[in-house]
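First up is the structure itself, then whatever we jot down about it.
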Amino acid sequence: MAEPGATLLARVASAVGPTHVLTSSADLEPYLVDWRGRYRGAARAVVRPASTEEVAAVVRLCIENGVPMVPQGGNTGLCGAATPGTAGDAIVLSLSRMNRVRGLDIANATLTVEAGATLAQAQTAAAEREMLFPLSLASEGSCTIGGNLSTNAGGTAVLRFGNARELTLGLEVVLPDGRVWNGLRGLRKDNTGYDLKHLFIGAEGTLGIITAAVLKLFPAPRARATALVAAPSVDAAVRLLTLLKGALADRLVGFELISGLSLALSRKHHPQSPDPLPGHAWYVLVQVDDPADNTNLRESLEQALAKGIDDGIVEDATIGQSDAQRAELWALRENISEAQRREGPNIKHDISVPVSAIPQFLRDAQTALSSALPGVRFVIFGHVGDGNLHYNLSAPEGEPAQRFMEQAGIANRIVHDLVSAAGGSISAEHGIGQLKRDELKRYKAPIELELMARIKAALDPQNLMNPAKVL
Ligand SMILES: Cc1cc2nc3c(=O)[nH]c(=O)nc-3n(C[C@H](O)[C@H](O)[C@H](O)COP(=O)(O)OP(=O)(O)OC[C@H]3O[C@@H](n4cnc5c(N)ncnc54)[C@H](O)[C@@H]3O)c2cc1C
């Protein structure tokens, strides 16, 4: 008689096709380790369905057999949320074969796309019709729409367009009981009770498997200007944000803070990068876009930056002269995460506080951390226009990284206590996953945790949908 596990996999194979059930350790390997190499799990198989019906069939088989499921997109998440636990009893459900564009409606300005499409594919589908899907992350070549929505991804254009939640009009979801909820509505107005899509957005795959989404599109920009600006302090950078918002209104799309050390690391590990403004303490990468092409966008930006120089909040600035130069300036910012990874282990925080609270938060955190971890190096960058900082700490020069990493708990406590005191969030855009479950329990109000647990129990009473993540 066939062993029960083998029977399940045989039935899964007949649902999705035998070549899409991976079981050899070599095939499983890339699905079992997270992008940062921080978590390693085990699984009985990776299953790659090609349609919503196939996803639903696999989910029903898993429920019947009490098998945990871990949805996975591009596996670029930064909290271990897509990595299975170590028990080896789970199935990883990879959405990578569900990558079709189902439709693009110009008049409605919507794109309907399957969850396994990469973010870059969705952007390209929009661009081909002179439209813009504005979500933009350094991982966009690999991360998927399903992962983006499940993590409520942020990125570099949240200031103007909002995060993934604000860019989503409808969803199709396979529920934890194997039924399909077709909520693929492209409506900007729909007040018919609870807005269920918001349960699944940001749920990190714990409430169901997103199989497709209706996304909002915008007119593609016809004019674009990108500037790297040197600022004397973070206070000055925050004042510059207010100045640029006033001068450029919603043409201001991105406002990324970069510390001098972050820029140096980016350049060290990507030596072909330019160094247009050497030797400053802080930088801001500014992106302005306009869907009209006759608006003197560049001149407006130059005038605003000149005012910043007069006000003493801008030390110097350079504006990209071509697409290639603009891309080089963006690469300085986008290469920081990768550069940090190459540089060695570091203690990371993805936090947000109200924009107005950023300068004081940074002063307090620097004082407390310098005293607790003498010589610690601050690698600070992020989407400061959204109050979101990647507040990362590297070992003091010469200290073995491993010894430094043992103090992560001390650093986390200092940073998260200050964030909490400032009314901020311990996870601005990366989610909770496995990494911050304990921190969530510490900082989230008990009533919020209770409501989350009740929602989870109502939708997934067997706790098989990405268990031991988030809650
Ligand atoms: C270099 C780099 C830069 C990054 N920059 C940013 C940034 O600026 N902003 C930002 O927000 N993030 C950023 N990230 C993090 C990451 O890219 C995002 O979290 C992204 O949204 C994850 O998408 P993914 O397809 O890789 O998801 P995965 O890592 O595969 O999964 C993430 C979570 O979503 C769940 N999931 C995946 N697909 C589905 C689905 N179809 N249905 C239900 N659940 C699903 C998984 O179970 C898991 O819980 C960055 C990552 C890297 C490596």
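Order of appearance sets the numbers: ligands from 1, and atoms from 1 within every ligand. Nothing fancy with the numbering, it's 1 onward along the sequence.
The protein residues lying under 4.0 angstrom from ligand 1, judged by non-hydrogen atoms, are Trp35, Pro71, Gln72, Gly73, Gly74, Asn75, Thr76, Gly77, Leu78, Ala81, Ala82, Leu95, Ala115, Leu137, Ala138, Ser139, Cys143, Thr144, Gly146, Gly147, Asn148, Ser150, Thr151, Ala153, Gly154, Gly155, Glu204, Gly205, Gly208, Ile209, Ile210, His383, Glu429, His430, Asn466.
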Kindly list each side-chain donor-acceptor pair under 3.5 angstrom involving residues 35-43, sequence neighbours excluded, with atom names and distances?
{"unit_1": "Arg36", "atom_1": "NH1", "unit_2": "Leu78", "atom_2": "O", "d": "3.2"}
{"unit_1": "Arg40", "atom_1": "NH1", "unit_2": "Glu29", "atom_2": "OE1", "d": "3.2"}
{"unit_1": "Arg40", "atom_1": "NH2", "unit_2": "Glu29", "atom_2": "OE2", "d": "2.7"}

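Of all non-hydrogen atoms in Arg97 and Val16, the two that sit nearest each other are NH1-O, 4.2 Å. When all heavy atoms of Ala126 and Leu217 are compared, the pair lying nearest together is CB-CD2, 3.8 Å. Among all heavy-atom pairs drawn from Thr83 and Gln434, the shortest one is O-NE2, 3.2 Å.
Screening Arg442, Lys436, Glu439 for a side-chain hydrogen bond (donor to acceptor under 3.5 Å, both in side chains) with His416, the sole residue that qualifies is Glu439.
Heavy-atom contacts from other residues, nucleotides or ligands closer than 6.0 Å to CZ of Arg165 number more than 12.
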